[in-house]
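Some notes on the structure that comes next.
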Amino acid sequence: MTTLPRTPAAVAPVDSLCPATRAVFEHVTSKWGVLVLVTLAEGTLRWSALKRRIDGVSEKMLIQTLQTLEADGLVRREALPVVPPHVEYSLTPAGQQAVALMTPLLGWIRDHVAPLAP
């Protein structure tokens, strides 16, 4: 049986969501949350590579965003036991699902804004 996408009327308003659900919603849809998730959709990256690919993010915001998304179960952090030590970040299956759901919206934004750009 095919499941139809939810209509806006079938989705609860964000204000009525439980606090935990609302918090994850805010983390995923934040400016840096979206950019981190979409960038990690390209594959596993070290912190420095992630920082280079996300234009304008400060070290503090990148660290906070990664920690938050890791706590939400969307990003996996792996500290490798090498010298010098380094850490790699990747999406969890839940993070991959979140990106898959965001992709159509991001495509719509790109197509909608492109004709409006000067």
Side-chain angles (χ1 to χ4, degrees):
M1 181 171 161
T2 306
T3 304
L4 297 175
R6 291 183 176 181
T7 62
V11 177
V14 175
D15 287 346
S16 68
L17 298 175
C18 74
T21 303
R22 190 171 39 238
V24 173
F25 175 82
E26 290 171 2
H27 301 159
V28 170
T29 59
S30 72
K31 174 182 179 178
W32 302 119
V34 169
L35 293 174
V36 166
L37 291 170
V38 170
T39 303
L40 286 175
E42 300 170 10
T44 300
L45 293 171
R46 291 175 66 173
W47 188 89
S48 57
L50 194 54
K51 171 99 171 64
R52 280 193 303 273
R53 291 187 186 188
I54 302 176
D55 188 40
V57 67
S58 68
E59 289 185 16
K60 178 182 176 183
M61 282 310 304
L62 182 55
I63 290 167
Q64 286 179 349
T65 302
L66 287 166
Q67 288 173 340
T68 300
L69 294 174
E70 181 185 10
D72 292 339
L74 302 172
V75 170
R76 178 180 302 111
R77 178 186 186 273
E78 184 176 3
L80 301 173
V82 295
V83 177
H86 72 263
V87 176
E88 293 182 342
Y89 294 91
S90 60
L91 294 178
T92 64
Q96 292 169 353
Q97 289 176 333
V99 170
L101 293 168
M102 285 189 291
T103 299
L105 176 60
L106 295 172
W108 178 86
I109 292 169
R110 182 196 60 233
D111 295 344
H112 181 72
V113 171
L116 302 176

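From a predicted model like this one, the values you see are computed outputs, not experimental measurements.
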Scan the side chains in residues 83-107 for donor-acceptor partners under 3.5 Å anywhere in the protein, sequence neighbours excluded, and list what turns up.
unit_1 : atom_1 : unit_2 : atom_2 : d
Ser90  : OG     : Arg76  : NH1    : 3.4
Thr92  : OG1    : Gly73  : O      : 2.6
Thr92  : OG1    : Leu74  : O      : 3.3
Thr92  : OG1    : Ala94  : N      : 3.4
Thr92  : OG1    : Gly95  : N      : 3.1
Thr103 : OG1    : Val99  : O      : 2.6

Partners of Glu70 by salt bridge (charged side-chain N to carboxylate O under 4.0 Å, His left out), sequence neighbours excluded? none
To the nearest 0.5 Å, atom CG of Leu66 lies from atom CG of Leu50 at 5.5 Å
Is a donor on one side and an acceptor on the other found under 3.5 Å between the side chain of Ser30 and the backbone of His27? yes
For the atom pair OG1 (Thr68) and CD1 (Ile63), what is the distance rounded to the nearest 0.5 Å? 11.5 Å
Does any pair with a residue in residues 46-57 pass side chain to side chain donor-acceptor pair (under 3.5 Å), and if so which ones, sequence neighbours excluded? Glu42-Arg53
With sequence neighbours excluded, what pairs up with Thr44 under the side-chain hydrogen bond (donor to acceptor under 3.5 Å, both in side chains) test? none
Rounded to the nearest 0.5 angstrom, the CD-CG distance for Gln67 and Leu62 is 10.0 Å
OG1 on Thr39 to CD1 on Ile54, rounded to 0.5 Å: 4.0 Å
Mind checking side-chain contact (heavy atoms from CB on, under 4.5 Å) for Glu78 and listing every partner two or more places apart, or none if nothing turns up? Leu80
